[in-house]
Structure formats: structure tokens, C-alpha cells
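Everything on this sheet refers to the single structure shown next.
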Number of protein chains: 2
Amino acid sequence: MLSQDTPAPEVLSRRDEILATAADLFWANGYAGTTMSQLASSMNLRKASLYHHIDKKETLLYELSLDSLQRIEAAAEVALGGEAEPLEKLRLLIEAHVVTALSDRSKHATMLTEMRALTTEQREEILRRRDAYDSLVENTISDAQQSGGLRTDLSARLLRLALLNMLNWTIFWFRPDGSFSAEELARTFASLFIDGGSAANGAGRPGQST
Amino acid sequence: MLSQDTPAPEVLSRRDEILATAADLFWANGYAGTTMSQLASSMNLRKASLYHHIDKKETLLYELSLDSLQRIEAAAEVALGGEAEPLEKLRLLIEAHVVTALSDRSKHATMLTEMRALTTEQREEILRRRDAYDSLVENTISDAQQSGGLRTDLSARLLRLALLNMLNWTIFWFRPDGSFSAEELARTFASLFIDGGSAANGAGRPGQST
DNA sequence: GTCTATAAAGAGATAGAC
DNA sequence: GTCTATCTCTTTATAGAC
């Protein structure tokens with residue numbers, strides 16, 4: 001029930017196809033390092049044809065960033081919508097975050113790392129939504145602290161930063177055909193963030209069901 | 001003894017000044033998003049003057065990447081050179097990594113994120129050294145597992161990936177004048193990686209001396 | 001909706017004076 | 001070691017035919 005796979009490719013509009021291809025190129029070569037010619041050629045088009053679908057290169061970056069934010073916001077809403085205990089909610093949120101981000105890798109990574117290339121207005125809108133998402137994570141952590149599930153000697157803010165650090169850098173090395181599945185990584189990160197790496201915290205480590 | 005501050009700025013050669021300025025611009029705007037004109041103007045030069053010091057733009061990226069790798073390799077050597085227990089060595093390595101990376105932020109971040117812009121030969125050399133560094137971290141983790149300090153239900157490789165995830169993403173939000181010092185973050189990450197975030201692993205959490 | 005052709009600007013890099 | 005001037009190539013984007 002965590003799996004948010006990409007929508008069936010057949011349903012993609014031409015514009016969505018362009019956004020997806022742009023995301024792949026931007027993530028591989030950087031926004032400024034990708035040319036409209038490369039994008040056109042990746043879609044078997046001439047570059048002038050792209051301008052029938054979008055007005056400027058910047059628009060591509062802005063819209064694919066919005067796409068990825070909307071996807072992860074929706075996934076977080078589902079994860080937090082249930083009846084679970086605070087610490088279990090955090091676990092569900094971590095898993096939703098990792099699985100969603102990695103199933104939408106190029107867009108998500110580009111959104112996270114290429115904000116500098118947006119116009120001021122675009123960047124402000126993206127930042128506003130990113131901040132809202134960060135607050136969601138931080139509040140979930142805060143709830144888990146108040147319920148006695150998480151340590152309170154570190155602020156919710158610092159715990160949120162450390163957690164998202166661990167989750168987000170995965171985009172730099174994750175490969176869908178690699179040694180670890182997104183679900184496996186999600187469970188590992190949740191366990192490490194909560195239980196830590198020490199052998200003292202549970203020896204053989206029977207695990208938490210999942 | 002962990003502090004590896006930047007060398008006194010007065011000692012920088014013109015070439016090193018250019019590398020440092022290039023690193024700041026590359027990290028702010030991306031490698032492809034930075035022009036030689038911008039770099040020249042940041043140094044109060046005309047762009048032709050830069051070519052007296054370097055042959056090509058690519059060289060800047062390669063050399064600043066090497067600089068940052070050499071710095072962090074040296075810091076790791078110092079951290080691991082002592083007599084400490086395996087788990088304590090890991091703690092020292094984590095602190096050296098974070099403090100060194102954050103004191104050399106633009107170069108380190110550019111090295112980590114702009115490898116794609118290097119030529120094949122340059123990229124292979126940088127990758128070789130990054131892999132060697134990763135092995136150093138992984139072996140330190142492995143030693144701590146064998147000494148009974150770290151859990152063994154996760155592979156040393158997976159633990160290394162999760163740890164470096166948590167440490168490396170810090171470059172995206174760290175501000176030298178922000179709420180947290182590099183040393184504070186280093187200690188926090190070490191504690192979180194080893195002890196975890198759970199309130200169950202030590203309640204009030206007296207802390208581990210540092 | 002895609003094409004050919006082209007405009008206008010800016011890129012990396014070099015020549016040669018001082 | 002820095003400058004002015006310039007070459008050559010590529011960039012984003014538009015015009016207008018099909």
C-alpha cells in the first residue's frame with residue numbers, strides 16, 4: 001500500500017512526456033548543462049517543436065518541480081492519515097517519503113538540487129511548498145517526542161534535518177536495478193533513525209515486523 | 001584538535017584564489033551555469049586574464065575536486081591514526097568528516113555533485129579516490145561491527161551508505177552563521193547514527209562526554 | 001503539431017599589445 | 001600578469017511554411 005509507482009506511460013500527455021524526459025536530462029547533466037536540442041533529440045523532435053508545448057526552458061524546471069512536490073505531498077497525506085501511534089506514523093512517513101522520491105527520481109532530485117535555476121517567483125513558490133512539507137515531517141517528529149517515542153535532548157528541527165539528510169542523499173547513488181530496493185532502504189533508514197546503529201540497542205535485532 | 005580551518009587567506013596563490021572563487025560560483029550556480037566572465041568579474045579581472053593561470057574551465061573543476069578530496073583524506077588519516085576503540089574511531093571519523101567538509105564547503109559540495117561535468121579521465125581519477133575514501137569509512141564500520149559495537153543485521157556497506165547520506169546532505173542547508181556549528185552537527189550525527197533517535201535507548205541521554 | 005531557417009545573444013578560448 | 005579585440009561555436013527562442 002506504500003507503492004506509488006509512476007502512472008502508466010500510455011496515459012502521459014505530450015507535455016508530460018517532455019517534462020519526464022527533461023527531468024531525466026536535467027538530473028543527468030544539470031539544468032544549465034542540458035540544451036533544448038538535447039531534449040528535442042531525446043524525444044525525436046526538432047527543438048523548435050518543443051516551443052509548441054512550453055514557452056521557455058525555465059517552465060520545464062518549474063513544472064517538473066511542482067509535479068514532484070505534489071506527488072510527495074499526496075503520499076505523505078496518505079501515510080499520516082491513518083490511526084497509528086506517533087512513532088508508527090513517523091515510520092510510515094519515512095517509508096512513503098523514500099519510496100515516492102525514488103519512484104520519481106529524476107524529478108525529485110532535480111527539484112531538490114536545481115532550485116537555484118528558477119526565477120525568483122518560481123523559487124519562492126517551490127520553497128514555500130518545501131517548507132510546508134518540512135513542517136509536516138517536523139511536526140510528526142515533535143508528536144513522537146511528546147508521546148515519549150523519540151528522545152528530547154535534540155530539537156525536533158535538528159532531528160528533522162538529520163532524518164531528511166539520511167533520506168535525501170539516496171538520490172545520488174540509488175539504482176532501481178541495484179542491490180537494494182526502495183522498500184528495503186525505506187525500512188533500513190526508519191530502523192536506523194529510530195533505533196540507531198549500536199549493537200547495544202537490541203543485539204540480534206528481531207526487527208519491527210515489516 | 002578536530003578543527004581543520006581554511007589556511008590563512010594571505011597565503012593563497014593567485015591560482016588558489018581562482019579555484020576558491022570558482023568553487024563558490026560553481027556551488028551557487030552549478031558548473032555549467034557559471035561563466036568564465038562571471039568568474040573573472042568576481043576576481044576583478046577580464047576573462048582573458050584567467051587563461052594565464054589555467055588552460056580550460058574543466059581544469060578548475062578537476063583541481064578543486066582534488067583539493068577537497070586531499071583535505072578530507074588527510075583529516076580521516078589523522079582521525080583514524082590514534083589508539084582508540086573501533087566504535088570511538090568511528091565517532092572520530094564522523095566528526096572529522098563533517099567538520100572538514102563544512103569548513104571547505106563550496107569545494108566539497110562541488111566535488112560531490114558536479115562529477116558529471118568532468119572529462120572521462122578526470123572523472124575516473126576522482127571516482128577512484130572517492131571509492132578509496134568510502135572504503136576507509138566502510139572498514140571503520142566493519143571493525144566496529146566485529147568488535148561488537150555496531151549491529152550486524154545490516155551490512156557494513158548499507159551502514160556506510162546510510163551514514164554518508166546523513167553527513168553529506170548537510171552541505172545543502174548548512175550556514176556558518178546559522179543555528180548549528182559544524183562541531184555541534186558532527187556530534188549530533190555521531191550520536192544519532194550510533195544511538196538512534198528512540199527515547200528508549202537512554203531516556204534522559206547523559207551523552208558520551210563530548 | 002512538426003518542420004526549416006534564422007535571428008540575437010552569449011559562451012569558451014586565443015592573439016598579441018602593454 | 002592583465003589588458004583589448006576578436007574568432008568560432010552554441011545557445012535560447014521566434015517566424016512562418018506545411
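Computed from a predicted structure; not experimentally measured. Residue numbers begin at 1 in each chain, while the letters A, B, ... track the order of the sequences.
- Pairs passing the salt bridge (charged side-chain N to carboxylate O under 4.0 Å, His left out) check and including a residue from residues 132-145 of chain A, sequence neighbours excluded, read A:Asp134-A:Arg160, A:Glu138-A:Arg160.
- With axes fitted over five pairs at each extremity, the angle between the ends of the helix from C:dG1-D:dC18 to C:dC18-D:dG1 is 10° (10° resolution).
- Applying the side chain to side chain donor-acceptor pair (under 3.5 Å) test to every pair with at least one member in residues 18-33 of chain B, sequence neighbours left out, gives these pairs: B:Asp24-B:Ser106.
- Contacts between residues 38-60 of chain B and DNA chain C, counted as heavy-atom distances below 4.0 Å, involve B:Lys47, B:Ala48, B:Tyr51, B:Lys56, B:Lys57.
- Once rounded to the nearest 0.5 Å, the distance linking CD1 of B:Ile194 with CG of A:Leu192 reads 11.5 Å.
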Cut-off 3.5 Å, no hydrogens considered: what does the side-chain donor-acceptor table look like for residues 72-87 of chain A, sequence neighbours left out?
{"unit_1": "A:Glu73", "atom_1": "OE1", "unit_2": "A:Arg129", "atom_2": "NH2", "d": "2.9"}
{"unit_1": "A:Glu73", "atom_1": "OE2", "unit_2": "A:Arg129", "atom_2": "NE", "d": "3.1"}

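- Note: B:Lys107 NZ to B:Asp67 CG = 3.5 Å, rounded to the nearest 0.5 Å.
- Of the possible polar contacts, none joining the B:Arg151 side chain to the A:Ser198 backbone as a donor-acceptor pair under 3.5 Å is found.
- Legend: salt bridge (charged side-chain N to carboxylate O under 4.0 Å, His left out) pairs involving residues 49-58 of chain B, not counting sequence neighbours, sorted by first then second residue: B:Lys56-B:Glu58.
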Item to complete: Check step by step if salt bridge (charged side-chain N to carboxylate O under 4.0 Å, His left out) holds for A:Asp177 and A:Arg175.
Response: CA-CA 5 Å; A:Asp177 56 345; A:Arg175 298 286 173 275; over 6 Å; no
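- Within a heavy-atom distance below 4.0 Å of DNA chain C, the residues of residues 29-36 of chain B found are B:Thr34, B:Thr35, B:Met36.
- Running 5' to 3' along DNA chain C, contacts with non-hydrogen atoms of chain B at under 4.0 Å begin and end at C:dA11 to C:dA15.
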Show me the donor-acceptor pairs within less than 3.5 Å that the side chains of residues 38-54 of chain B make with the rest of the protein, sequence neighbours left out.
{"unit_1": "B:Gln38", "atom_1": "OE1", "unit_2": "B:Thr35", "atom_2": "N", "d": "2.9"}
{"unit_1": "B:Ser42", "atom_1": "OG", "unit_2": "B:Gln38", "atom_2": "O", "d": "3.1"}
{"unit_1": "B:Ser49", "atom_1": "OG", "unit_2": "B:Arg46", "atom_2": "O", "d": "3.3"}

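- With sequence neighbours left out, B:Gln145 forms a side chain to side chain donor-acceptor pair (under 3.5 Å) with no residue at all.
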Could you give the side-chain donor-acceptor pairs of residues 162-171 of chain B under 3.5 Å, partners two or more places apart or in another chain?
{"unit_1": "B:Asn165", "atom_1": "OD1", "unit_2": "A:Trp173", "atom_2": "NE1", "d": "2.8"}
{"unit_1": "B:Asn165", "atom_1": "ND2", "unit_2": "A:Met166", "atom_2": "O", "d": "2.7"}
{"unit_1": "B:Asn165", "atom_1": "ND2", "unit_2": "A:Thr170", "atom_2": "OG1", "d": "2.9"}
{"unit_1": "B:Asn168", "atom_1": "OD1", "unit_2": "B:His97", "atom_2": "NE2", "d": "3.0"}
{"unit_1": "B:Asn168", "atom_1": "ND2", "unit_2": "B:Leu164", "atom_2": "O", "d": "3.4"}
{"unit_1": "B:Thr170", "atom_1": "OG1", "unit_2": "A:Asn165", "atom_2": "ND2", "d": "2.9"}
{"unit_1": "B:Thr170", "atom_1": "OG1", "unit_2": "B:Leu167", "atom_2": "O", "d": "2.9"}

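- Residue pairs that meet the side chain to side chain donor-acceptor pair (under 3.5 Å) test with at least one member in residues 110-119 of chain B, sequence neighbours left out, are B:Glu114-B:Arg116, B:Thr119-B:Gln122.
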